[in-house]
Amino acid sequence: MKPRCSHNVYMLSHYSYLRRFHHSQRRTFNSFLNNIRSNQFVARASSPGGSGGGGGGGTGDSKGNAFLLPGATMATILMLGALHARRLYEDKKIEEKRERGIELEFHQDVKASFLGILPLRSISRAWGSLTSLEIPVWMRPYVYKAWARAFHSNLEEAALPLEEYASLRDFFVRSLKEGCRPIDPDPHCLVSPVDGTVVRFGELKGNRGMIEQVKGHSYSVPALLGTNSLLPMVPEGKGESEEEEAAGAKGDKSWLRVSLASPKLRESVSASPVKGLYYCVIYLRPGDYHRIHSPVDWNALVRRHFAGRLFPVNERATRTIKNLYVENERVVLEGVWKEGFMALAAVGATNIGSIELFIEPELRTNKPKKKLFPTEPPEERVYDPEGHGFKLEKGKEVGVFNMGSTVVLVFQAPTANSPEGSGSCSDYRFCVKQGDRVRVGQALGRWKEE
């Protein structure tokens with residue numbers, strides 16, 4: 001009678017075999033690398049006229065191995081070139097679809113799943129350390145000009161000579177010459193806080209106030225700003241009088257005091273944003289000006305830091321990664337301005353884990369952690385529970401990215417009764433289009449004076 005083994009014992013023995021095979025392969029690979037290094041060392045130390053047959057044999061072996069690493073390097077370069085050519089071809093097809101008026105839809109692919117297992121936070125910290133290294137003075141103009149040519153940066157706007165930027169990081173966060181970004185003086189306009197491309201904009205409507213990330217996929221504003229957000233919401237089923245009361249409470253800021261004192265009171269089961277709430281999403285490329293400015297005169301009351309992931313936020317990522325802006329690390333400022341609610345969310349990305357606030361220099365983002373939980377609550381700081389907070393003037397600097405990323409604005413605008421059948425209830429009108437390039441101080445929208 002043959003002995004019978006359980007399935008668990010078989011799996012355990014199979015796992016042990018795999019571990020032994022993995023370690024043996026690793027030792028073989030390490031010994032292979034050591035042989036290559038020793039052969040290279042012998043090739044460098046030996047002279048062409050070395051004595052003895054052994055020396056001639058060693059030189060011959062080193063000549064054979066000397067082509068191994070350059071060959072591998074060339075193969076890597078060819079592979080990267082092929083991948084880059086394929087990406088250019090795919091981008092060309094996407095551009096052709098856009099020219100024909102075809103809007104691209106959300107489609108999750110294998111690359112997006114693969115990004116989820118990469119240590120992007122650690123990679124971003126390593127990139128931050130690399131960009132903080134000091135560059136020799138004589139080399140700085142060449143490095144920064146090469147970067148400007150690659151990413152279309154305007155070096156003439158830099159406030160300092162190129163030789164005075166000690167590192168790439170200092171160059172990324174550079175300030176501009178006085179007058180390079182004039183601020184629209186119209187008191188009835190909201191200006192762009194950053195240089196970038198308008199990705200999405202519109203009025204928040206429907207349950208939970210959804211923002212379309214790309215055709216076929218949306219995310220909610222409370223998920224972006226936090227469950228304790230000061231966003232004025234109305235529970236489902238409430239009448240128009242209750243909604244007007246919620247919108248009118250912005251005058252005495254009572255809803256803000258309630259939210260700051262008892263944030264759990266704002267966690268309604270099903271709610272919709274009040275009328276007159278708008279959003280605008282702006283993407284910053286790596287070559288753009290990276291400082292964040294205030295879009296209006298307002299008071300920042302609360303800051304939240306979400307220690308999330310660091311996926312890329314380019315156009316390709318928005319089409320392939322679900323809830324991209326909700327998943328990524330971000331810093332949210334919330335407060336009030338003369339028309340009501342105001343929120344500015346600075347969303348991080350790969351190699352842009354560092355987001356700095358000038359009003360809170362001690363804030364540190366992308367800090368190493370033992371384990372990162374997706375449901376981890378944000379770190380929150382209330383600047384002033386009485387409703388005053390930090391006063392931010394229109395056009396003044398608020399913070400900075402270490403490279404390009406994304407900014408999401410959510411704000412209340414003036415509302416008025418509209419004729420029946422009209423598509424909107426607000427006097428506020430955007431003066432930009434999707435895909436437009438905007439600069440700091442340029443008007444995003446205007447409203448009429450009553």
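Judged by a 6.0 Å distance limit and a 45° cone about the ring axis, Arg174 is positioned over the six-membered ring of Phe171.
Ring pair Trp147/Phe172: centre-to-centre distance below 6.0 Å. Ring pair Phe390/Phe358: centre-to-centre distance not below 6.0 Å. Phe430 has its ring centre less than 6.0 Å from the ring centre of Tyr278. A centroid separation of less than 6.0 Å is found between the aromatic rings of Tyr325 and Tyr219.
Listed by chain and number, the residues in a side chain to side chain contact (heavy atoms under 4.5 Å, CB included) with Pro312 are Leu115, Asn314, Ala317, Thr350 (sequence neighbours excluded).
Heavy-atom contacts from other residues, nucleotides or ligands closer than 6.0 Å to OH of Tyr142 number 12 or fewer.
If you run salt bridge (charged side-chain N to carboxylate O under 4.0 Å, His left out) between Glu334 and each of Arg304, Arg381, Arg303, only Arg304 comes through. For the side-chain hydrogen bond (donor to acceptor under 3.5 Å, both in side chains) test with Asp195, the passing option among Arg439, Arg181, Arg291 is Arg181; the others fail.
With 3.5 Å as the limit, one finds a donor-acceptor pair spanning the side chains of Thr197 and Arg437.
A salt bridge links Arg309 with Glu327; the closest basic N to acidic carboxylate O contact falls under 4.0 Å.
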- Task: Please assess Glu203 against Tyr428 for the test side chain to side chain donor-acceptor pair (under 3.5 Å), listing each intermediate value before the final yes or no.
- Result: CA-CA 10 Å; Glu203 185 174 3; Tyr428 180 83; over 6 Å; no

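Here the side chains of Leu409 and Pro193 are in contact, with some heavy-atom distance below 4.5 Å.
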